[in-house]
Amino acid sequence: MMQEKKMVDDVSGWLRIYDDGSVDRTWPGPPEAKFMIDPVAPHEQFIQGVATRDVTTAMITTNEGSIHRARLYLPEKTTKDNKKLPIVIHFHGGGFCITEANSYMYYHVYTKFVHCTRSICVSPFLRQAPEHRLPAAIDDGLATLQWLQLVARGDACDPWLEEHGDFNKVFLIGDSTGGNLVHEVAARVGSVDLSPVRLVGAIPIHPGFVRSIRSRSEIELPQSPFQTLDMLDKLLNLALPIGSNKDHPFTCPMGAAAPPLDGLKLPSFLLCIAEKDVMRDTEMEYYEAMKKANKEIDLFVSEGMTHTFYLNKIAMDMDPNVSAQMDALIVRVKEFIEKH
């Protein structure tokens, strides 16, 4: 007689862990919001000026030898596109545990993003915790850049990147904990040879930078159903190396346990934060630490907005101010890309 498995942990309904080690990420929320995490099928035909394609190749591998995938976004060529397009490597968020590169919440943002910024986006499907704790996702991020290097050298093939991509203008961008990956991957790139690929900029958006002691913004700012402190704590506990706490360099790169920032070879940064993000204060600690280390870093603040507000398509459609703030964010990122 088979024994029924029992749930041993529940992360705010987003993720359930059972006593046999299995993980359930089935959407438990209201049915009308489920579409935001549903996968979007790739389409090589242009829809509203953007085509998407998934690339699966054994040449993108981890140390475990697993096959890696990425979602590519290509804007339709216009008469103004008289040169090759910047390449933006995108790392999705989700506390290192939930959501995928093909989730609708990212599709609706990054189709608009590549159309507005005139760039190609490469978004890897990152391994997730707790099945794959950090640094697995960081390894996947670096592997994506190494695959890009193979394409640039002609040792791997991708027609979109070969025909349209500028390997001399490569950027990293990441939402929420994807912003943590931006910092970690950029730091690793500083000590490896990726030629002829040139990483020129990094854009963490509302990164998941925290520390063990609660910040003032964590204590005083209101939480939302999409970001509670309990959810944040549980996801990071599942993702960080066993025995670690939030002072680990993966979540606190400005802390005492992290490699000194002034010793890292980093590209130019644009740090984007939201005024009402509960992690605002620790994100600002990162900004100040980068400035103190004499790193090139700009700051952009979305006033009155909460953590990764632009991923919420329902709010985008219902509130013109939220939509306008997303447009302003994309415009600022576009300026940063064009500057470099």
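What you see is a predicted model, and the numbers here were worked out from it, not measured in a lab.
Looking only at distances, a side-chain donor or acceptor of Thr282 sits under 3.5 Å from a matching main-chain atom of Phe209. A donor-acceptor pair under 3.5 Å links the side-chain atoms of Thr177 to the main chain of Gly95, judged by distance alone. Side-chain atoms of Lys169 come within 3.5 Å of backbone atoms of Ile337 as a donor-acceptor pair (strictly under, hydrogens ignored). Side-chain atoms of Gln223 come within 3.5 Å of backbone N or O of Leu229 as a donor-acceptor pair.
Inspection of the Tyr310 and Asp175 side chains reveals an N or O donor paired with an N or O acceptor under 3.5 Å. Ser212 and Asp247 share a donor-acceptor pair across their side chains, judged by distance under 3.5 Å alone.
Ion pair Arg214/Asp233 flagged as a salt bridge, since at least one NZ, NE, NH1 or NH2 atom sits closer than 4.0 Å to an Asp/Glu carboxylate oxygen. Remark: Asp140 engages Arg127 in a salt bridge, criterion side-chain N to carboxylate O under 4.0 Å.
Counting all heavy atoms, side chain and backbone alike, Ala41 lies closest to Arg71 at C-NH2, 4.1 Å. Smallest separation of non-hydrogen atoms from Phe171 and Pro86: CE1-CB, 4.1 Å. Closest approach of Gln149 to Ser195, counting heavy atoms only: NE2-O, 3.0 Å. Scanning all heavy atoms of the two residues, the minimum distance from Thr26 to Arg16 falls at O-NH2, 2.6 Å.
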Check the pair Lys291 / Asp298 against salt bridge (Lys or Arg N to Asp or Glu O under 4.0 Å), numbers first and verdict last. CA-CA 9 Å; Lys291 294 287 285 186; Asp298 293 332; over 6 Å; no
Checking salt bridge (Lys or Arg N to Asp or Glu O under 4.0 Å) for the pair Asp166/Lys83: CA distance, chi angles, key distance, verdict? CA-CA 8 Å; Asp166 184 351; Lys83 57 184 178 180; over 6 Å; no
I'd like to know whether His90 forms a ring-ring contact (aromatic ring centres under 6.0 Å, His included) with Tyr110, so could you lay out the CA-CA distance, the side-chain angles of the two residues, the decisive distance to 0.1 Å, and finally the verdict. CA-CA 9 Å; His90 166 247; Tyr110 284 91; 4.0 Å; yes
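Side-chain contact between Pro207 and Tyr286 is absent, with no heavy atoms from C-beta onward closer than 4.5 Å. Inter-residue side-chain proximity for Ser119 and Ile87 is flagged as unmet; no heavy-atom pair is nearer than 4.5 Å. Annotation: side chain of Val333 is not in contact with side chain of Phe300 (no heavy-atom distance under 4.5 Å). You'll find the side chain of Thr111 stays beyond 4.5 Å of the side chain of Gln48, heavy atoms only.
The salt bridge (charged side-chain N to carboxylate O under 4.0 Å, His left out) check on Glu131 picks up Arg25, with sequence neighbours excluded. The ring pair (Phe, Tyr, Trp, His ring centres under 6.0 Å) search around His248 returns Phe250, not counting sequence neighbours. Legend: residues meeting side chain to side chain donor-acceptor pair (under 3.5 Å) with Ser191, ordered by chain and number and at least two apart, are absent. Taking the side chain to side chain donor-acceptor pair (under 3.5 Å) definition, one finds that Asn180 meets it with nothing, sequence neighbours left out. Among residues two or more places apart in sequence or in another chain, the side-chain contact (heavy atoms from CB on, under 4.5 Å) test is passed with Pro259 by Pro249, Leu264.
Relative orientation of the His206 and His307 rings is tilted, given thresholds of 30° and 60° on the angle between their planes.
Under the 6.0 Å cut-off for aromatic ring centres, Phe91 and His183 do not qualify, their centroids lying 6.0 Å or more apart.
The list of salt bridge (Lys or Arg N to Asp or Glu O under 4.0 Å) pairs with a residue in residues 268-290, not counting sequence neighbours, reads Arg211-Glu285.
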